[in-house]
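Convention: sequence-line order gives letters A, B, ...; per-chain numbering from 1.
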There are 2 protein chains.
Amino acid sequence: MELSSKSEYALLALLHLADRYQDDEPLQIRQIAADQDIPDRYLEQLLATLRRGGLVKSQRGAKGGYLLSRAPWSISLLDVLRCLEGADANLADNNGSDRNLESAIIYEIWVEVDRAANDVLQHYTLQDLKDRRDARKQLDLMYYI
Amino acid sequence: MELSSKSEYALLALLHLADRYQDDEPLQIRQIAADQDIPDRYLEQLLATLRRGGLVKSQRGAKGGYLLSRAPWSISLLDVLRCLEGADANLADNNGSDRNLESAIIYEIWVEVDRAANDVLQHYTLQDLKDRRDARKQLDLMYYI
DNA sequence: AGTATACTCCGGTTTTCCGCTGGGTTTTGT
DNA sequence: ACAAAACCCAGCGGAAAACCGGAGTATACT
């Protein structure tokens, strides 16, 4: 139930990329890392994972950087988190089918918990995050005036 | 999103205790540990935590052991998990209120995810687990005949 | 062509946490 | 008195998370 730094960093970066989805100017790691105060070498790894997962595409060389490969409204938060933890690849995924009855029951409940969480994550997209942030910005501005 | 051994062990132990909630004969750590194949020294710690959380009470000395301090239907799985992770005590719990706007938004979503998961956990009690297990036992028996 | 800029790949390090173990103390029934 | 249990505290080993570094490679710009 803990939001890892990994997930947060990735989402922040993707939000950044979503902001300039229109123009095809790529955004550099250094840029994102500096803006959001994220260790750049670590962000690099995460973006590499996201690239392998097909969520972003990269442009190498000078003037290079990263771009969102799909539209912001087509990328759910579940997509992102799945991509990140899918990289760790829990191959030894104990489904608990071999354990005793009590453990199996507990595992069943856990599946329900997981589904409930995933339902929420699936229904939010990067665009939703962007919209919510922009709305909040607007609001803060109004209070200021 | 991972069911820890800690949580599973605790639930298994509580389920055991729920089974003999009627009689006031306490159940020993060794007993539970042996039945469910749990390292007893570790289980000891977990039960201590559950005791401090008020979910079980203990009887010291010979013929001692543990008893459920409340009725099985009044203890939700959320109660149990909260008790366990509350012990770790994330005192430095960053509510993200100090961070920037983007992080705050992400944190908000995470709160929703957490609530969705907790809703499921809250609505299952130890009694529910017990009932479900017993029903499953019944079912297996029928298949056997 | 040459150079600066950026990603890419691969590995190493540090820190943190989980699961687990051990030693010694205190309480209680017989 | 003795044994059986909970209690308390402290540490350990491995794995994962978080982070850093270096050498290589692709690309743009001049």
Could you give the [atom1]-to-[atom2] distance, from [X] to [N], as a whole number of Å?
X       : N      : atom1 : atom2 : answer
B/Tyr42 : D/dA10 : OH    : P     : 18 Å
B/Lys6  : C/dC17 : NZ    : P     : 11 Å
B/Ile38 : C/dG19 : CD1   : P     : 12 Å
B/Lys57 : D/dC7  : NZ    : P     : 13 Å
A/Leu3  : D/dA17 : CG    : P     : 14 Å
A/Leu43 : D/dA17 : CG    : P     : 17 Å
A/Glu2  : C/dC18 : CD    : C1'   : 15 Å
B/Asp40 : C/dG19 : CG    : C1'   : 13 Å

- [ ] Hey, could you give me each pair passing side-chain hydrogen bond (donor to acceptor under 3.5 Å, both in side chains) that has a residue in residues 66-80 of chain A? Not counting sequence neighbours.
- [x]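 Sorted result for residues 66-80 of chain A: A/Ser76-A/Asp79.
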Task: NZ/NE/NH1/NH2 to OD/OE distance under 4.0 Å, A/Glu85 and A/Lys6 - done: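 A/Lys6 and A/Glu85: not salt-bridged.
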Open item on the list: I'd like to know if A/Glu102 and B/Lys130 make a salt bridge, using a cut-off of under 4.0 Å between side-chain N and carboxylate O.
Closed with: no
Under 4.0 angstrom between [X] side-chain N/O and [N] OP1 or OP2:
X       : N      : result
B/Ser5  : C/dC18 : no
A/Tyr66 : C/dA6  : no
A/Ser58 : C/dT8  : yes

[X]: what forms a side-chain contact (heavy atoms from CB on, under 4.5 Å) with it, not counting sequence neighbours?
X        : answer
A/Arg20  : A/Asp23, A/Glu25, A/Leu27
A/Tyr21  : A/Leu68, A/Ala71, A/Pro72
A/Arg115 : A/Val111, A/Glu112, A/Asp119
B/Asp37  : none

Just to verify, what does [X] make a side chain to side chain donor-acceptor pair (under 3.5 Å) with, not counting sequence neighbours?
X        : result
B/Asp114 : none
B/Asp128 : B/Thr125
B/Gln59  : none
A/Gln127 : A/Asp131

Open item on the list: Treating A/Gln28 as the side-chain partner and A/Gly64 as the backbone partner, does any N or O pair qualify as donor plus acceptor under 3.5 Å?
Closed with: yes
Considering only nitrogen or oxygen atoms on both sides, find all protein atoms under 3.5 Å from nucleotides 27-30 of chain D and state each distance.
from	atom 1	to	atom 2	distance (Å)
D/dT27	O2	A/Ala62	N	3.1

- [ ] Measure from the side chain of B/Arg51, starting at C-beta and using heavy atoms only, and say which of D/dC19, D/dC7, C/dC9 lies closest.
- [x] D/dC7
Contacts under 3.5 Å, N or O only, protein and nucleotides 10-12 of chain C:
from	atom 1	to	atom 2	distance (Å)
C/dG11	O6	A/Gln45	NE2	3.4

- [ ] Enumerate the residues from residues 23-31 of chain A whose closest heavy atom to DNA chain C is under 4.0 Å, giving them by residue number; use none for an empty result.
- [x] A/Gln28, A/Ile29
